[in-house]
Amino acid sequence: MVEGVKLEESWREALAGEFANSYMSDLRRFLMEEKSAGKRIFPKGGEYFRALDLTPLDEVKVVILGQDPYHGLGQAHGLCFSVQPGVRIPPSLVNIYKELQSDLGIAPARHGFLEHWARQGVLLLNSVLTVEEARAASHQGKGWERFTDAVIRAVNEECDGVVFLLWGSYAQKKASFVDQTRHLVLKSPHPSPLSAHNGFFGSRPFSQTNAFLVSRGKEPIDWELPPQT
């Protein structure tokens, strides 16, 4: 049921069929049982759908796909690659900032809080939306992947001229069905320290994204993050 789910209206409508499906009931039950067992789940419940709340379906310009939320205390807040203010910038995001500087000359932010991007139409979507503290990938295979497939499908079908930034084989496989006659799909290795030097550095995703958006008559993304106090 959609009742009780706090979610931005355009997504609520587009995903109503998913919330009515039994797999979402099973997922909800799993999360409740985990919490009842005393396990700490990240991000907090009100932020499971934060990426969707900040970036309504009809405002999506760019999709960046991650895999799982960060599993350390105080890190995850519902946006892929992003951490809360005051939290150490994770290694993959450090590399994203390096490429941003190389590509557009934007100096690396001193924080890892990416809401400024999300509010401009950058959907920062993880494939799995929850995780148990200190247990990476612990909520994979519980239903979130099916739900986020539906999110990507909604963008693919209902939006036009969206840029999909698919970093790494996982993201590329997940969004392999995106219609490249309607959208721009930019693929590269993942920005992780393990793979960034294999082609992420030098891929210039940010300038390519903005050039495409402008060519479609859309406002480019301001990738420069405001300072956090």
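These figures come from a predicted structure and were not determined experimentally.
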Aromatic ring proximity, centroids under 6.0 angstrom, F113 and H77: yes
Aromatic ring proximity W11/F49, centre distance under 6.0 Å: no
Any V214 side-chain heavy atom under 4.5 Å of K218 side chain: no
Connected via hydrophobic side-chain network under 4.5 Å: L124 and L54: yes
Short side-chain to backbone donor-acceptor contact, H111 and L225, under 3.5 Å: no
Please set out all donor-acceptor pairs under 3.5 angstrom arising from side-chain atoms of residues 99-108, sequence neighbours excluded.
unit_1	atom_1	unit_2	atom_2	d
E99	OE1	G202	N	2.7
E99	OE2	G202	N	3.4
E99	OE2	S203	N	3.4
E99	OE2	R204	N	2.8
D103	OD1	R204	NE	3.0
D103	OD1	R204	NH2	3.3
D103	OD1	S207	OG	2.6
D103	OD2	F206	N	3.0
D103	OD2	S207	N	2.8
D103	OD2	S207	OG	3.4

Heavy-atom donor-acceptor pair, N210 side chain to P220 backbone, under 3.5 Å: no
Contact summary for P43 and Y48, nearest pair of heavy atoms: O-CE2, 3.2 Å
Side-chain donor or acceptor of W167 paired with backbone N/O of K187 under 3.5 Å: no
Flag if over 12 foreign heavy atoms under 6.0 Å of CD, E13: no
D160 side, atom CG; D179 side, atom CG - distance, nearest 0.5 Å: 9.0 Å
C159 backbone acceptor or donor facing R182 side chain under 3.5 Å: yes
Side-chain donor-acceptor pair present, H139, T130, cut-off under 3.5 Å: yes
Polar side-chain atom of E133 near backbone of R40 as donor-acceptor pair, under 3.5 Å: no
P85 backbone acceptor or donor facing Q228 side chain under 3.5 Å: no
Donor-acceptor pair, side chain of H183 and main chain of V178, under 3.5 angstrom: no
Greater than 12 external heavy atoms within 6.0 Å of E219's CD: no
Least distance between heavy atoms, L79 atom then L114 atom: CD1-C, 4.2 Å
Check: V162 and V62 side chains under 4.5 Å, non-hydrogen atoms: no
Spacing of CG belonging to L123 relative to CG belonging to L65, to within rounding of 0.5 Å: 8.0 Å
Ion pair check, R29 and E33, cut-off under 4.0 Å: no
Ring centroid separation Y23 to F147 under 6.0 Å: no
Atom pair NZ/CD1 of K35 and I41 - distance to nearest 0.5 Å: 7.0 Å
Modelled atom types, side-chain donor and acceptor of E8 and S10, under 3.5 Å: yes
Whether E132 side chain and E34 backbone form a donor-acceptor pair below 3.5 Å: no
Hydrophobic cluster membership, F212 vs V122, 4.5 Å side-chain cutoff: yes
Same apolar cluster: M32 and V128, side chain cutoff 4.5 Å: no
Minimum-distance pair of heavy atoms, taken over all atoms of F164 and V155: CZ-CG1, 3.7 Å
Nearest non-hydrogen partners of L213 and G161, listed with the distance: CD2-O, 4.0 Å
L165 reachable from I96 in the ILVMFWY side-chain graph, under 4.5 Å edges: yes
S127: side-chain hydrogen bond (donor to acceptor under 3.5 Å, both in side chains) partners, not counting sequence neighbours: Y170, K174
Pair H190-F81, ring-ring contact (aromatic ring centres under 6.0 Å, His included): steps then yes or no: CA-CA 11 Å; H190 195 277; F81 293 106; 5.7 Å; yes
S138 side chain vs R135 backbone, donor-acceptor pair below 3.5 Å: yes
Residue pair P189 / N198: nearest heavy atoms and the distance that separates them: CG-O, 3.4 Å
Closest approach of K173 to S176 (non-hydrogen atoms, all atoms of both residues): O-OG, 3.0 Å
Whether S192 side chain and S92 backbone form a donor-acceptor pair below 3.5 Å: no
Carboxylate-amine/guanidinium contact R50 D53, below 4.0 Å: no
Counterpart residues, side-chain hydrogen bond (donor to acceptor under 3.5 Å, both in side chains), relative to D68 (two or more places apart): Q140
Test side-chain contact (heavy atoms from CB on, under 4.5 Å) applied to V151 and V63, step by step: CA-CA 10 Å; V151 171; V63 177; over 6 Å; no
Transitive ILVMFWY side-chain link F42 to L125, under 4.5 Å: no
